[in-house]
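Reading through the structure tokens given below for one structure.
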Amino acid sequence: MPEEKLSLELEHQKVREDLESLERYIEEFSEFLPLPVCMVNPVDVIIGINRAFQDLTCYNEMEIVGKETSFLFLEKKGIKDLEEEIGSRQKRITREMTLLTKDGGKIPVNVSGQFRRDEEGNLIGYFFALFDVSALKKFQEELEKKVKEKTKELEGKTKELEASGRALLNILEDIRKSLKETEEEKNKTQAIITNFTDGLFLFDKENNLVLVNPQAEVFFKIKAGDLINKPILELSSISSLSSLAKLLGPEIKGIFRKELQAKESLVLEVSTIPVMGEGEKLGTLVILHDVTREKRIERMKTEFVSIAAHQLRTPLSAIKWTLRMLLDGDLGGITEEQKNFIEKTYGSNERMIALINDLLSVARIEEGRYLYKPTRADIELVVRFVVNSYKEESKKRGIKVEFKKPEKKLPLVLIDVEKMRLAVQNLFDNAIRYTHPDGKVTVSLKRVKKEIEVSIKDTGVGVPKNQQERIFTKFFRAANVMRMQTEGSGLGLFITKNIIEAHGGKIWFESEENKGSTFHFTLPVKEEFGEFLKTG
Amino acid sequence: MAKKILLIEDEEIMINLLQRKLTVEGYEISVGRDGKEGLEKMKEVKPDLVLLDIIMPKMGGFEVMEEMQKDRELKKIPVIIISNSGQPVEIDKAQTLGAKDWLIKTEFDPQEVIDKIKKQIGK
């Protein structure tokens, strides 16, 4: 059956051709495939590679085929392990490994393996495909690096953030602390204001009332709530506050320790203080200090002195009159010796009377009812009267007295003649009393602008430098005159100063110890002066 | 006939001293030891002059003068005040109530009292 044979031959031929074509197809396909692929037999010997594999490893087919896989990888046992794993798990497995290229390069690759079987299912080898992951790896590394950098950066930022967070917390803490301090300070201030024994009113710069403390409420029997934010003008219509509002005025003027009879049993000392903040006036604080008790004590003291002096005067005048009658012989004759003693006693009694009179004057000065009915008078006559009344006394002491008339006739002044006479007398008496025999006292008057100046100059003992500033204070006597003469109340200059100042005048002196003193005083030449018309 | 002086004063020693001094001077003296007694004596004795103290028990000197002002007869009797005090206000008040003079005890002595009396009513 040649035909059959031929046909078989032909069939064979066709199969062969088909197979070759398939083989070529596979070969072409494998050559074309961009994925590096190799085939390995069951004992791990490379039996074939494709173009891409050559390109990646830089080995040609001749250099690779017939070799074990291990020379291609850094991980020597890698493929063997992979093969085993493929064998045991019967599936495709991918593992990352490092490919060693011919030119000494190391390329990270993903190796994917799959086993090959024959028709009976016997293992006949493996396929391995390599996937170059160096770019991926690089990218990954870069990514990681970037991530690391970013992380680091972030860590830095976080640290910074944490630091600034901490700082913020610290600031918050500080703020909380200062808030607390402010709060405490405010509470303290509030406590002070609330518990202050002085009454307080606070007005804003528009003169509206913004604060009243409890003490002020008590003083005026008012409720702070009813008055807050009201202008001062409105307060004057409230009867208990009208006298205060009047004293303060609509602009709340500057006042320092002015007395206010707020009601019958309440005397307040009123002061105003501008409240300044950064160079700007924010308002005015009105302080009301209760001086009722002080006033009462002062009055009691003055009354006591007044009454005591009056009570002392009665027996003193009885003594005076008795002694006088004894001396005058009205009560029968006395011996010369008795007369001597009685005369001395009479003198002592007179000094006592003078002291009581001084005390009474001081009491009246302090009661503010000392001066009485001023009249227009010639001061020259008053001074002359005093000088003349000392004619005998100065002669007895051997002191020369000079009276210097003013160059021009002086204008009349408004004075309480009696008191002015006492003032001049006190000065002149001191000049005579504290000047040694053969000394001189000079009295002069002159007009200086709108004033008349009276000067009394002596060549006496003078006032020690360190005691000069106390010379006008009550009961003060300089050490040098204390040694000289024990009598003298220390009230004369105090009274004189008060008389002169009540007349709107000034008093001062120059003095040098052992050389002499000059006392000057002035009186204003004008219609009215000071608070003169305080009559007793 | 001796001139009659009524002394209205509560201080015993002053009464003694003045009584003695004035009697020596030839006046006839009667005494009231307070304002009330003084007023009664005034009506009874009808003195030529009254020496009047200001501060006294029961009735003071000013009240005595006010009472005198109400009486047509008593109003005419000259009054000299003798007082321990001598404030200008007091002196003014005494003057408006008709007092002729004012003596402060500590500043004057018995002889000056006599001088002032003589000035008012003579010997």
Side-chain angles (χ1 to χ4, degrees), chain A residues 305-332 342-343 346-361 363-365 367-375 415-422 533-536, chain B residues 5 7-27 29 31 33-34 51-57 60-62 80-96 102-118:
Chain A
V305 172
S306 194
I307 289 165
H310 271 292
Q311 294 301 316
L312 283 168
R313 269 181 162 192
T314 309
L316 286 174
S317 37
I319 293 166
K320 178 185 165 105
W321 285 37
T322 309
L323 295 176
R324 189 75 257 164
M325 283 174 75
L326 276 169
L327 286 169
D328 290 352
D330 289 339
L331 303 173
I342 292 170
E343 256 168 5
Y346 186 83
S348 299
N349 195 54
E350 285 295 285
R351 282 209 299 280
M352 188 86 91
I353 290 167
L355 173 63
I356 298 296
N357 286 341
D358 281 354
L359 279 175
L360 271 170
S361 293
R364 292 210 182 85
I365 285 168
E367 281 167 2
R369 52 176 188 98
Y370 190 49
L371 293 192
Y372 185 73
K373 282 190 183 166
T375 51
I415 51 173
D416 175 338
V417 176
E418 282 295 317
K419 303 293 171 358
M420 191 50 67
R421 194 177 285 159
L422 179 61
L533 291 168
K534 265 188 190 167
T535 51
Chain B
I5 294 176
L7 173 61
I8 308 176
E9 162 75 62
D10 62 324
E11 193 79 18
E12 198 58 38
I13 186 154
M14 294 308 276
I15 297 170
N16 291 342
L17 289 167
L18 278 167
Q19 208 166 11
R20 180 151 191 154
K21 187 84 184 171
L22 294 170
T23 313
V24 169
E25 290 294 326
Y27 296 107
I29 309 299
V31 176
R33 279 161 216 276
D34 60 58
L51 283 178
L52 180 64
D53 192 8
I54 293 295
I55 300 160
M56 286 181 294
F62 287 122
I80 295 177
I81 307 288
I82 44 165
S83 170
N84 271 317
S85 174
Q87 287 308 300
V89 256
E90 296 173 310
I91 296 172
D92 271 8
K93 190 175 175 187
Q95 260 170 1
T96 57
W102 183 289
L103 278 167
I104 299 169
K105 291 176 192 168
T106 52
E107 286 175 22
F108 292 89
D109 56 35
Q111 189 52 50
E112 285 167 304
V113 180
I114 303 298
D115 296 344
K116 286 195 186 284
I117 293 169
K118 279 182 184 162

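By convention in this document, chain letters (A, B, ...) are assigned in the order of the sequence lines, proteins followed by strands, and residues within each chain are numbered from 1.
- For the set Ser317(A), Pro315(A), Ala318(A), the count of heavy-atom pairs under 4.5 angstrom toward chain B peaks at Ser317(A).
- Residue Arg313(A) touches chain B through both its backbone and its side chain, counting heavy-atom pairs closer than 4.5 Å.
- With a 4.5 Å cut-off on non-hydrogen atoms, Leu17(B) touches chain A through its backbone and its side chain both.
- Of the possible donor and acceptor atoms, one in the side chain of Trp321(A) sits under 3.5 Å from a partner among the backbone N and O of Lys105(B).
- Taking the charged nitrogens against the carboxylate oxygens, Glu90(B) and Lys93(B) have no contact shorter than 4.0 Å, which rules out a salt bridge.
- Between the Glu112(B) side chain and the Asp109(B) main chain, a donor and an acceptor come within less than 3.5 Å of each other.
- Proximity to chain B (any heavy atom under 4.5 Å) is shown, for Ile319(A), by neither the backbone nor the side chain.
- Between chain B and the options Leu331(A), Ile353(A), Thr314(A), heavy-atom pairs under 4.5 Å are most frequent for Thr314(A).
- Screening Val113(B), Ile13(B), Thr23(B), Ile29(B) for a side chain to side chain contact (heavy atoms under 4.5 Å, CB included) involving Leu18(B) leaves a single residue, Val113(B).
- No other option in Asn16(B), Asp92(B), Ile55(B) has as many heavy-atom pairs under 4.5 Å with chain A as Asp92(B).
- Within the 4.5 Å cutoff, the side chain of Arg324(A) has no heavy atoms near those of the Gln111(B) side chain.
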